[in-house]
Protein chains: 2
Amino acid sequence: MSDARPNARGSGVHSVERALDLLEVLGEHSGPMGVTELSSNTGLPAATIHRLAQTLVARGYLRQLRDRRYYLGSRLAALGSRAGAMMGSRAQPLLRELARELQETVNLATLTPDGAEYIGQSAGSHSVRMFTEVGRRVPLHSTGVGKALLSLLPDHDALRLLRPDDMVQFTPTTITTPQQMLVELATIRAHGFAMDEGEMEQGVRCIAVPFVADTYMAVSVSGPAARMTDELVERARVALDAARPQLVAMLAD
Amino acid sequence: MSDARPNARGSGVHSVERALDLLEVLGEHSGPMGVTELSSNTGLPAATIHRLAQTLVARGYLRQLRDRRYYLGSRLAALGSRAGAMMGSRAQPLLRELARELQETVNLATLTPDGAEYIGQSAGSHSVRMFTEVGRRVPLHSTGVGKALLSLLPDHDALRLLRPDDMVQFTPTTITTPQQMLVELATIRAHGFAMDEGEMEQGVRCIAVPFVADTYMAVSVSGPAARMTDELVERARVALDAARPQLVAMLAD
DNA sequence: AGTCTCTTTCCGTATTGTGGAATGCTGGTT
DNA sequence: AACCAGCATTCCACAATACGGAAAGAGACT
């Protein structure tokens with residue numbers, strides 16, 4: 001670890017974090033990768049990659065082709081479905097219920113050190129629909145769930161999670177300064193819900209309601225602006241508000 | 001590392017293997033576990049468990065309840081679905097082979113918390129053909145792959161995945177009650193394959209064969225009823241049966 | 001308030017992983 | 001066949017890193 005900062009977030013078990021980096025890089029690439037390729041994508045030396053990869057192969061988390069390249073192993077698929085089941089089984093029925101009632105995609109998200117993470121989802125029935133992936137992390141400043149989650153925190157803590165560098169302007173409506181964000185958060189607290197008016201992706205409208213169940217959480221409904229009329233948003237607000245206590249009961253242990 | 005053998009297979013990166021042990025123990029237990037409980041299940045000292053678990057929590061692979069117990073995090077679900085997708089591409093050549101032989105669309109699917117997910121596909125050569133999208137999730141109760149996947153589970157678990165509300169009647173032949181479904185699943189188990197007689201979309205016929213390769217999977221052949229004659233269905237059954245062991249070899253450990 | 005259990009932090013130690021460099025493959029090209 | 005990249009893999013001396021016993025802290029229960 002010569003130059004630059006020692007490690008992105010230097011508090012955990014180093015080799016474990018590196019192994020996770022490996023898995024994630026392979027996951028994003030969606031295709032087999034060789035040691036050299038992995039080395040340049042992670043910044044780790046080839047010898048280190050090789051050692052970590054062999055460990056993961058031995059346990060079935062990676063698999064190696066004859067041409068020596070690696071890809072994600074099926075052990076991960078098995079663990080993944082267990083993980084999905086653990087949280088899915090709790091809130092999923094209610095999310096599905098909401099998605100059926102509103103006909104748009106419903107998401108459940110939680111606050112993590114770097115962004116809002118989707119932990120549950122139920123797709124609407126339209127063929128053009130929002131597509132979100134459970135496990136995916138999205139920015140806090142430019143999404144409905146992100147802003148809703150921030151609104152649960154005192155201003156002081158919210159700002160600490162929003163490094164100004166991270167407030168990327170994705171669309172013309174994206175909030176890009178801490179000052180604007182504080183105003184927005186005050187509005188969200190007053191109304192009890194957050195709106196995303198195409199702040200992450202143009203033409204996408206979203207309403208998100210925050211709540212606390214063990215951790216900070218938010219439920220949202222999102223879809224193309226054409227279908228997400230003020231009328232539907234209002235219906236969604238009422239439905240999400242009604243669902244909130246049930247979600248708290250389901251998710252808090 | 002005093003007496004007792006250091007580790008089952010002592011050649012990998014130690015802390016990474018221990019972290020994987022942790023994930024696996026939690027996965028098998030399918031429920032939240034505390035540090036002490038994990039400690040007794042893995043043989044690792046509590047301090048070590050705590051350090052590893054914190055690292056995994058920071059990265060989203062584990063989540064912690066307010067009562068401090070840990071459970072599998074949604075990041076694993078994300079990686080798992082990627083792994084599933086990659087496995088699909090492993091099987092692609094065989095799917096293509098089958099599609100060429102039978103001249104109809106061949107699909108590979110896996111079981112997810114909300115539906116069967118297509119992870120591989122190879123289209124038949126006819127211009128009117130089934131169109132399925134890799135990554136798309138379809139209902140369990142009204143599709144060949146869905147029913148085939150359900151047949152792998154004990155009745156009890158299968159029913160839990162089938163909320164009566166979700167058993168939408170898409171066509172006159174759609175199975176809409178748990179009772180009917182249990183009868184159907186028994187038939188599928190007896191025959192070793194599932195049929196879909198236009199239960200999702202009228203005029204579409206499908207045969208699906210279930211198998212287990214680390215996770216629950218199914219291969220299917222589907223096409224317009226006009227071409228999917230009993231004779232072709234029988235040929236497909238034989239071909240899929242023959243392909244099954246190869247698929248298991250390709251997709252499992 | 002007091003006790004018990006379980007989790008978390010601390011810190012000195014040496015085990016363990018590290019990575020640059022050397023070696024060994026492999027498959028593509030002339 | 002023989003050569004030559006461009007890889008992956010092994011080696012090894014070093015010290016950074018993870019380790020775990022013990023102590024401190026947090027809840028829960030009586």
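Proteins get letters first, then strands, A, B, ... in listed order; numbering begins at 1 in each. Hydrogens, waters and symmetry mates are skipped; everything else that's a heavy atom, side chains included, is used.
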Validation row: Val221(A), Thr105(A) side chains within 4.5 angstrom (heavy atoms): no
Could you tell me whether Thr48(A) contacts a base, only the sugar-phosphate backbone, or nothing, with contacts defined as non-hydrogen atoms closer than 4.0 Å?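 Here Thr48(A) touches the bases of the nucleic acid.
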Give a yes or no on whether a salt bridge exists between Glu28(A) and Arg82(B), defined as a side-chain N under 4.0 angstrom from a carboxylate O.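 So Glu28(A) does not pair with Arg82(B) through a salt bridge.
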Arg18(B) side chain near dG20(D) phosphate (N/O to OP1/OP2, under 4.0 Å):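 Answer is yes, contact under 4.0 Å.
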To the side chain of Pro45(A), which of dG17(C), dA18(D), dG19(C) is closest?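 Closest nucleotide among those given: dG19(C).
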Provide, to the nearest angstrom, the distance between the [atom1] atom belonging to [X] and the [atom2] atom belonging to [N].
{"X": "Glu17(B)", "N": "dT15(C)", "atom1": "CD", "atom2": "C1'", "result": "15 Å"}
{"X": "His14(A)", "N": "dT16(C)", "atom1": "NE2", "atom2": "C1'", "result": "14 Å"}
{"X": "Leu52(A)", "N": "dA8(D)", "atom1": "CG", "atom2": "C1'", "result": "15 Å"}
{"X": "Leu44(B)", "N": "dT16(C)", "atom1": "CG", "atom2": "P", "result": "12 Å"}

According to side chain to side chain donor-acceptor pair (under 3.5 Å), who are the partners of Glu37(A), at least two apart in sequence or on a separate chain? His29(A)
Of all residues at least two apart in sequence or in a different chain, which pass the side chain to side chain donor-acceptor pair (under 3.5 Å) check with Ser15(B)? Ser15(A)
Rounded distance (nearest 0.5 Å) linking atom CG of Asp21(A) with atom CG of Leu26(A): 11.0 Å
Distance from Glu184(A) atom CD to Arg189(A) atom CZ, nearest 0.5 Å?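 Here the interatomic distance stands at 10.5 Å.
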A correct 5'-to-3' footprint of nucleotides 3-12 of chain C, with B, S and - meaning base, sugar-phosphate only and no protein heavy atom under 4.0 Å, is ---SSSB---
